[in-house]
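This report concerns only the one structure given below.
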Amino acid sequence: MVTVRFFAMLKKFAGAETREFDVKAPLTLEEFKEVLKKEVPGLSAVLDGRSLLISVNQEFAGKGAVIKDGDEVALLPPFSGG
Amino acid sequence: MVTVRFFAMLKKFAGAETREFDVKAPLTLEEFKEVLKKEVPGLSAVLDGRSLLISVNQEFAGKGAVIKDGDEVALLPPFSGG
Amino acid sequence: MEGEGNAMAELVRIQTEGFSVEETVEEVKKASRGIGAVVSFLGVGRDVSKGKEIEGLDFEHYPGMAEKKLKDIRQRALKNFDITEMAIVHRTGAIDIGEDIVLIVAASAHRNDAFMACEWAITELKRTTPIWKRETTREGEVWVSETP
Amino acid sequence: MEGEGNAMAELVRIQTEGFSVEETVEEVKKASRGIGAVVSFLGVGRDVSKGKEIEGLDFEHYPGMAEKKLKDIRQRALKNFDITEMAIVHRTGAIDIGEDIVLIVAASAHRNDAFMACEWAITELKRTTPIWKRETTREGEVWVSETP
């Protein structure tokens, strides 16, 4: 299972704070985003936008990132701390 | 009388924290410095130096300043507060 | 490095309860008798944002990752600036107008270094730390997605 | 302007006793609910100066003129920077290593203004305020005549 965490306004789009996805074989970040769009259509526009950051196991993930069973993914809208 | 106040290391040079000088007619700052040098020879080098500031009635005094009976003059070595 | 873990646990933290500026400054000052300057940045909940009256704030963070990012900011500050110590404390949960949100304390021998490091750290915090602010106005609640 | 005299008497002062950073910050924060940033500079007695070990410090000021200069710095800061309030507290007399010497607190809506005003004020204080520091080393006592 891959756990995906949603923060701030994205919890509303996803309808939950976390969701679990069954990932048999490792996926690239782009492939995983396609899975997310299909499973959670409300996130499509956000996932296609330029302002979203994604972390894998609490590290910022670049395009080359690979997602595999057991990973924790998070969708991070622009930060507004401080 | 004109009261002159000395601060920091200048108290040692002047041998006092304050001294009073009899000033009958108003003097320019330069004239008053000559009086000081004569009365307190230990201050001569300091008064000729470039790092000394002088205040008259608690305002920084320029070359054109005039000193008259009742004024409070202070010799201010470079500040080191903060 | 002995005790480093403990020191960091105290100097970098995210918490719901309020913090004491005084205690944090004293904690940072303990690092060395060579400290001559302590510069602090305190972020406070404002009553107005983009022209709208704000009734209250709420902060959410990504537990684990946010703490890691703050510790990383402290480590990079200690490495890249001539400072002696740095503390970073951020609150989460509900915060009223006038209440403290975040505190960054930087200590150095000379003041320029502490000013630079403190200003860098709050900018870096806003840029890299997964924390989000929700503002409550008369019209409702909205998550803020840009950092001024 | 009602109460301005009183407010200034509290926010700008020279005293022998120690001060509370927390209380001063809280006093400054009272000025407005629009304050979003509070930047503080705290000057502390260091154990080393120009390579020499310092055993203690002593500060002397020109009573009356020094207070006037500090009030003038606050007024010019309020006029020239987009800040809401500023406090300046300086101690005189004997000060041990690690003890607080001076505190400047600047508050503004946005952080850049508070950082700029705070840094400007401490630089201006060192430049214009008749206060002198005496350092005690093993070799004796010496008045410091330059500001680093």
Side-chain angles (χ1 to χ4, degrees), chain C residues 18-26 28-50 53-55 57 84 95-112 114-123 125-126 133 147-148, chain D residues 18-26 28-50 53-55 57 84 95-112 114-123 125-126 133 147-148:
Chain C
F19 49 73
S20 159
V21 176
E22 194 98 45
E23 280 170 27
T24 311
V25 166
E26 286 307 314
V28 164
K29 277 174 64 180
K30 277 185 199 164
S32 164
R33 284 163 54 90
I35 290 171
V38 182
V39 173
S40 308
F41 170 79
L42 179 68
V44 178
R46 298 180 63 217
D47 64 350
V48 171
S49 172
K50 288 165 216 144
E53 196 180 326
I54 305 301
E55 296 175 352
L57 300 168
T84 311
I95 290 185
D96 281 340
I97 304 309
E99 279 190 0
D100 301 337
I101 299 165
V102 60
L103 175 66
I104 295 179
V105 179
S108 58
H110 305 291
R111 72 184 186 281
N112 285 347
F115 269 111
M116 282 202 301
C118 187
E119 202 166 359
W120 173 84
I122 179 60
T123 305
L125 183 155
K126 286 169 179 277
K133 173 168 67 176
T147 303
Chain D
F19 48 74
S20 159
V21 175
E22 194 98 45
E23 280 170 25
T24 311
V25 165
E26 286 308 312
V28 165
K29 277 174 63 180
K30 276 184 200 163
S32 165
R33 285 163 54 87
I35 290 172
V38 182
V39 173
S40 309
F41 170 79
L42 179 68
V44 179
R46 297 181 63 216
D47 63 351
V48 170
S49 172
K50 288 166 217 143
E53 195 180 327
I54 306 300
E55 296 175 352
L57 301 167
T84 311
I95 290 185
D96 283 338
I97 305 308
E99 278 190 2
D100 300 337
I101 299 166
V102 60
L103 175 66
I104 296 179
V105 179
S108 57
H110 306 291
R111 73 184 186 280
N112 286 346
F115 269 111
M116 282 203 302
C118 187
E119 202 166 0
W120 173 84
I122 179 61
T123 305
L125 183 154
K126 286 169 178 276
K133 172 168 67 176
T147 303

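The structure displayed is predicted, hence computed values, not measured ones. Letters A, B, ... mirror the listed sequences (proteins, then strands); counts begin at 1.
Heavy-atom neighbours of D:E23 CD from other residues, nucleotides or ligands within 6.0 Å: at or below the threshold of 12. Atom CD of C:E53 has 12 or fewer heavy atoms from other residues, nucleotides or ligands within 6.0 Å.
Among residues 102-109 of chain C, the residues having any heavy atom closer than 4.5 Å to a heavy atom of chain D are, in sequence order, C:A109.
In this structure, CG in C:D100 is found 6.0 Å from CD in D:E26, a value given to the nearest 0.5 Å.
Taking both residues in full, the closest heavy atoms of D:S20 and C:E22 are given as OG-OE1, 2.8 Å, listed atom of the first, atom of the second, then distance.
C:N112 pairs by the side chain to side chain contact (heavy atoms under 4.5 Å, CB included) definition with D:E119, not counting sequence neighbours.
Proximity to chain D (any heavy atom under 4.5 Å) is shown, for C:T123, by both the backbone and the side chain. For C:V39, the parts lying under 4.5 angstrom from a heavy atom of chain D are both the backbone and the side chain.
Between C:F41 and D:F115, the angle of the ring planes stays under 30°, which puts this pair in the parallel group of the 30/60° scheme.
Note: C:G34 leads C:S32, C:G98, C:G45, C:G34 in heavy-atom pairs under 4.5 Å with chain D.
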